[in-house]
Amino acid sequence: MKTLNTKLFLGLSLFSGIYLNAQEKPKTDSAVTKNIEAVTLTKQVFKKESDRFVYDVAASPVAKGNTAFNILKQTPLVSSTDDKTLKIIGKNNAVIFINGRKTNMDAESLTQFLKNTPAENIQKIEVITLPGSEYQVESSDGIINIILKKKMTDGLNGNMRMGNSQSYYNSSYAGLSINYRKDKLGISSNINMSQNIQEQYYILRNGNDRSSNQSEGRVSDPNKNLGGYLNIDYQLNDNSNLALTYNSWANRSYGSTSNLFNTVKSDSAGISNIKYNYTKNLENSRSYNNSVNLNYEWKTDTLGSKLNLNAAYLNYKRFQNADNVTYNSNAFQTIGNRMVQITQSTPQIINNFSFLGDYIKKFKNDLTVSVGGNYNKTKTDNDTKSDTFIYTYKDNGDLDKIVPSSNPNHFIYDENIYGLYLTLEKKFSDKFSGKLGSRYEVTNSVGKSDNADFSNVERNYNNFLPYVSLNYAINDKNNISYAFSSRMRRPSFWELNPVKNILTDVNYTQNNPFVKASSVYTNEFTYMFKNSYFFIVNHSLSKDVITQVPLQREVIKNGVTTKELRYIRTNFGDKQEMSAMLGMQKNFFKQYLTTNFNIGVQRNVNNGSLNTDPITGDVFPDYVNKIKSNSLLIQTNNTVRLDKKKTWFLSVNYWYVDNQQIEIGYLKSLMSLDTSIKKVWNDWTFNLEIFDILKTNKVVITDQQENGNFNYINQNQYNQSVNFSITYNFGNKKVQKIRDIDSADKDIKNRTR
């Protein structure tokens, strides 16, 4: 089921992926040597600049024949554990920028865009672990800024890519990208499509020594996707540009099913009782994401000062219907009479208008002043309808009656965000530079519903968010830096919609309109040696963490005492994360081997407790997580060039994350061994990849409370897969993609998922 997978269990998997990615090995720099008339030039591939790390893709031997997504996975401090999402070491999310501006695409569309963009188009990649005040990002997000190569000639170029992947089911994808430039006009477009069925297997247990539930079975989620974008960029004169960007993405998931066999155990007066039932869920959903952005850029002087103005409109629609039926059963999983049927319709429509403007003023004395502001107005419409039918039967087995109940909830959420920022950046000498800035944000929101419990939910708060960054180059081999950042994490729009996502009639997730924004404060120290070795120490404090909390209690269902489990979306205390990471990136044997290696430790300190459902006010036994844990993180990426002509490449990658305590329990260790072989032949690239060779990338979470309650989650996403792709590049190879434009609705995009 898409709702279940995305909101709960995939969330857990990605949660673990956060820590996983924290072990991604940063590639430090290596050296590229070129001989020009007996003069040897050495170019740094990875280096530290002011507030960011810079990876020179154009100088790297692993770029040829690669895609942007694959080269990002090999970028120092960046990783992917699911071949879909990218993370930065110690960060919850990586926000993708292109040429200094955030891409205006949803997650699926962005992934396909990166997988269809040749790495040869990229000049360098900047990794900003702690973004300055001028960047409009949330919580502990980091930024990956892709700098494309400069246009050299007019003309047309592009690439076509096709691929097939075999995991539990077979999936396929295809894409076409075209870039065109003529004089002052530049046009860039892409269309891509894919279809897949994601199969997952769950074992879920909760309860205590008196009563317990176990649900076990499969979830199958078929998906068909179609998306693309169109960028039109026109140079008005030598100093100004006007651009229009349109993005579209559609997803259809019809026939998503979950089939769970439930074992209900209870102990009353010393007498054990075991009952069985079977829950079948059928879900159909589709979603559409369309946005348009208008950009104006004016260069005001020859030093690089410029004015940027953006106005954007975003429309997001999701339609979702589910039919959840629980049947009587026996130990042999024979399905009997219908017990409970729950039908749900959970549509969501989001409309957003955004404006973003900033002015960057550069002075001759290496001083840069940036000032700007943003405005976001968002309205979400959630017209939820949920009906429950209880079936009772006579002694002879005939249907007696059906007891219906209805729980509609039309929830409309309006939000206005106002933001201002000021940043001062100064290069004091060739060795010392610094940046000082702050953001001031005002958020006014109100949620209204025909349900009396949510008739008027207001959230109004102001936040002052300071930032500082210092960088000192001791000499040409040693560099140290320090940064402090404060950010907010606003809840996603689906988290605010007060709807239940039902797994069984006693096991469901509950969203919460009362969730408030959390705050994150981060300190980071970095030492780099020879642009090849680095050491990073990071500490972050999160206040009012937004997460899902498992509350459980005993209830009586059909005369049987059983355990009810609710995953409540809410604010759950504070959390500290501390990490120390040692990394290396080097080229060996005249660039035949490029290797990256990271090893580090992470300490998690959780401090949260909850015993009341914030939606209904129901009281539960205390759920407490005040546990500390230490874990080991390892990652290595290795690429071997197999021939002198640079046409054959072999890659072997491995990551490992140790056991660790997260908000909802104890996450057991995860690891994955991946490999690939690539052949570059003229304009064609053939790539064969194998992921999770050892079948060790599985999520297992356990939680044991002092009051005797336990919770267990075992999620197998069948991550082992074989992927084969063919890419063909055509046209004028000197033409690069046109200027990518930041959208005014960039932060809103992330909150729709």
Side-chain angles (χ1 to χ4, degrees), residues 21-34 40-62 71 74-79 88-91 124-130 142-145 427-435 468-485 522-539 578-602 632-639 653-655:
N21 300 325
Q23 55 245 41
E24 192 80 349
K25 46 213 56 234
K27 319 173 171 190
T28 44
D29 102 72
S30 52
V32 175
T33 304
K34 298 181 180 179
T40 301
L41 300 178
T42 301
K43 192 170 184 179
Q44 295 176 340
V45 175
F46 185 59
K47 59 184 178 180
K48 184 73 167 62
E49 287 184 358
S50 182
D51 62 342
R52 65 198 63 193
F53 295 89
V54 180
Y55 178 43
D56 193 337
V57 176
S60 172
V62 301
I71 207 70
Q74 300 182 53
T75 298
L77 305 175
V78 180
S79 69
I88 298 176
I89 179 173
K91 304 300 172 186
K124 60 184 178 179
I125 296 173
E126 298 176 339
V127 181
I128 307 173
T129 56
L130 285 184
I143 290 175
I144 299 173
N145 185 28
K427 184 177 180 181
F428 298 95
S429 67
D430 291 338
K431 292 186 175 183
F432 182 59
S433 62
K435 181 186 286 189
V468 64
S469 174
L470 302 171
N471 187 73
Y472 182 66
I474 301 173
N475 50 46
D476 59 351
K477 295 182 180 180
N478 298 272
N479 182 285
I480 58 174
S481 61
Y482 165 79
F484 168 79
S485 174
T522 305
N523 289 274
E524 184 175 277
F525 171 82
T526 302
Y527 167 69
M528 178 167 281
F529 176 64
K530 289 186 175 180
N531 290 308
S532 293
Y533 308 91
F534 61 87
F535 177 66
I536 300 177
V537 179
N538 183 285
H539 174 270
M578 293 155 278
S579 64
M581 184 69 62
L582 183 64
M584 174 199 74
Q585 184 210 352
K586 290 283 290 181
N587 284 340
F588 298 95
F589 311 114
K590 298 181 180 180
Q591 297 185 12
Y592 272 84
L593 172 64
T594 299
T595 186
N596 305 280
F597 179 77
N598 288 351
I599 186 169
V601 292
Q602 181 163 311
L632 176 69
L633 312 171
I634 301 174
Q635 177 163 358
T636 179
N637 292 333
N638 304 275
T639 300
N653 305 319
Y654 172 80
W655 55 257

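The figures that follow rest on heavy atoms only: side chains count, while hydrogens, waters and symmetry mates do not. All residue numbers refer to positions in the sequence shown, counting from 1.
- Atom CD of residue Glu524 and atom OG1 of residue Thr526 lie 4.5 Å apart, to the nearest 0.5 angstrom.
- Nearest approach of Ser481 to Asn471, heavy atoms of both residues: CB-OD1, 3.3 Å.
- Residues Thr129 and Phe53 form a side-chain contact, since some pair of their non-hydrogen atoms from C-beta on lies under 4.5 Å apart.
- Of all non-hydrogen atoms in Ser433 and Lys427, the two that sit nearest each other are CB-CA, 4.0 Å.
- With values rounded to the nearest 0.5 angstrom, Met578 atom CE is found 10.5 Å from Asn538 atom CG.
- Lys124 and Val54 make their closest contact through CD-CG1, 3.7 Å (heavy atoms, listed as atom of the first residue, atom of the second, distance).
- Remark: Asn479 CG to Tyr472 OH distance equals 10.5 Å, nearest 0.5 Å.
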Derivation of the side-chain contact (heavy atoms from CB on, under 4.5 Å) call for Trp655 and Leu633:
CA-CA 8 Å; Trp655 55 257; Leu633 312 171; over 6 Å; no
Residues Leu470, Phe432; criterion side-chain contact (heavy atoms from CB on, under 4.5 Å); working and verdict
CA-CA 8 Å; Leu470 302 171; Phe432 182 59; 4.1 Å; yes
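- Counting non-hydrogen atoms of other residues, nucleotides and ligands closer than 6.0 Å to CG of Asp430 gives a total of 12 or fewer.
- Each of Thr639, Asn637, Asn638 was evaluated against Thr595; a single residue qualifies, Asn638, per the side chain to side chain contact (heavy atoms under 4.5 Å, CB included) test.
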What's the verdict on side-chain contact (heavy atoms from CB on, under 4.5 Å) for Tyr527 and Val537, showing C-alpha distance, side-chain angles and the deciding distance?
CA-CA 9 Å; Tyr527 167 69; Val537 179; over 6 Å; no
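- The line from CD1 of Ile480 to CE of Met528 is 13.0 Å long, rounded to the nearest 0.5 Å.
- Judged by distance alone, with hydrogens and angles left aside, the side-chain atoms of Lys431 form a donor-acceptor pair with the main-chain N or O of Ile474 at under 3.5 Å.
- Closest approach of Ile125 to Ile144, counting heavy atoms only: CG2-CG2, 3.8 Å.
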Is there a side-chain contact (heavy atoms from CB on, under 4.5 Å) between Tyr533 and Lys586 once you walk through the steps?
CA-CA 9 Å; Tyr533 308 91; Lys586 290 283 290 181; 4.0 Å; yes
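- Residues Ile599 and Leu632 form a side-chain contact, since some pair of their non-hydrogen atoms from C-beta on lies under 4.5 Å apart.
- Within the 4.5 Å cutoff, the side chain of Gln591 has no heavy atoms near those of the Thr594 side chain.
- Counting all heavy atoms, side chain and backbone alike, Leu130 lies closest to Ser485 at CD2-CB, 3.9 Å.
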